[in-house]
Number of protein chains: 2
Amino acid sequence: MPQVRQQPVDPCPFGPVVDLVFGRWTAHVLWVLAYHGRVRFKELQGYLPEITPKVLTERLRQLERNGLVARTYHREIPPRVEYEMTALGQSLVPVFRTLTAWSDEHLDEVQAAQRDYDREHALTGTAGGVAAEPVRARDRA
Amino acid sequence: MPQVRQQPVDPCPFGPVVDLVFGRWTAHVLWVLAYHGRVRFKELQGYLPEITPKVLTERLRQLERNGLVARTYHREIPPRVEYEMTALGQSLVPVFRTLTAWSDEHLDEVQAAQRDYDREHALTGTAGGVAAEPVRARDRA
DNA sequence: GATAGTAGTTACCAAGGAGTAAGTGACTGT
DNA sequence: ACAGTCACTTACTCCTTGGTAACTACTATC
């Protein structure tokens, strides 16, 4: 046999989860739903004022398709739509708690590291830039 | 008192962590580092053949700035650079395990939900599209 | 003198996702 | 008759991000 090249690369085993849950706005929407239970579209907008209706709709559709969120349409005038987490979505709550715990424990270390890094690289001017990492789009809001 | 509007929005408490860890390629790089320990740049490229040197460098710099990865430059010819996780980076490993566990337990449910959703919406043609969620860029590779 | 090898950097370009603004349908209240 | 409500949808623009390819420095080796 000519070179059986073992698995091309071992992909990180939670890559798909990242795509499902940690896209832009996705985690925020999920969080609100985990926190407030069954809510209407307008309510969600209230909790997430920076997200536009277009994008909110997109996220919710995506989450619905992935089975994490359930949508209930009430044929009324004016229409009423409610969103809530499914059992599958609820199963993410412990994951979120893990993330939150890590954040509580370590986020200040990260910020300290950033300060150190920026200070060091501002002095030596190694990379020429004032800040090695510009503000990311999702942070600007 | 004229309407004290409690905190504008309760931001999801792990939002910053998402920015730190779950950007494009970031988790993959971290995963390889967690798995293989101290590795050289070229090795990393071997484990992540799809990531270009430019982007790999960007990710590593970012991770270094955030204190999750340490870089060791050996003044030799040709140059040798090694990357490894810091203690802070290591502290993410349990988080990754949680994610992996969720993935192992629930990913098939997600896929089933996607199939259901697509089947349902293909029949009724509610949204007109063949697939409500096109393949995402990060999935294509 | 040409080549190889490492660890990048630089300039440029294209795609795609997010944002903006306006429209839609069906009915109710004034 | 007209504005208002809700939950979107549509058309459009823009800007970030990632990808491509070529180039750099430095030396040993052929």
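Chain identifiers are assigned alphabetically (A, B, ...) following the order of the sequence lines, protein sequences preceding nucleic acid strands; residue numbering begins at 1 within each chain. Quick caveat: nothing in here was measured; it's all calculated off a predicted structure.
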| task | Answer yes if A:Tyr73 and A:Val39 sit in the same cluster of Ile, Leu, Val, Met, Phe, Trp and Tyr residues linked by side chain heavy atoms under 4.5 Å apart, and no otherwise. | result | yes
| message | Taking A:Tyr117's backbone N and O only, do any of them form a donor-acceptor pair with A:His121's side chain (distance below 3.5 Å, no angle check)? | response | yes
| query | Among pairs that include at least one residue of residues 35-45 of chain B, which meet salt bridge (charged side-chain N to carboxylate O under 4.0 Å, His left out), considering only residues two or more places apart or in two chains? | reply | B:Arg38-B:Glu82, B:Arg38-B:Glu84
| query | For B:Arg75, which contact category applies under a 4.0 Å heavy-atom criterion: base, sugar-phosphate, or nothing? | reply | nothing
| message | So, does A:Arg59 get its side chain near the phosphate of D:dC8, meaning an N or O under 4.0 Å from OP1 or OP2? | response | no
| remark: With five pairs defining each end axis, the helix from C:dG1-D:dC30 to C:dT30-D:dA1 comes out bent, to 10°, by 30°
| said: Can you measure A:Leu44 atom CG to D:dA7 atom C1' for me and round it to whole angstrom units? | reply: 12 Å
| remark: Atom CZ of A:Arg40 and atom C1' of D:dC8 are separated, to the nearest Å, by 13 Å
| request: With DNA chain C as reference, determine whether A:Glu58 or B:Arg80 sits nearer its 5' end, using the nearest nucleotide of each. | output: B:Arg80
| task | Mind calculating the distance between OH (B:Tyr73) and C1' (C:dG8) to the nearest angstrom? | result | 9 Å
| said: Rounded to whole Å, how long is the line connecting atom NE2 of B:His74 with atom P of C:dG8? | reply: 11 Å
| field | Nearest-angstrom distance from the residue atom OH of B:Tyr83 to P of C:dT6 | value | 14 Å
| A:Ser103 side-chain N/O to A:Leu99 backbone N/O, donor-acceptor pair under 3.5 Å | no
Distances under 3.5 Å only, N/O to N/O: pair up the protein atoms with those of nucleotides 19-28 of chain D.
| unit_1 | atom_1 | unit_2 | atom_2 | d |
| --- | --- | --- | --- | --- |
| D:dG19 | OP1 | B:Arg24 | NH2 | 3.2 |
| D:dG19 | N7 | B:Lys54 | NZ | 2.8 |
| D:dG19 | O6 | B:Lys54 | NZ | 2.4 |

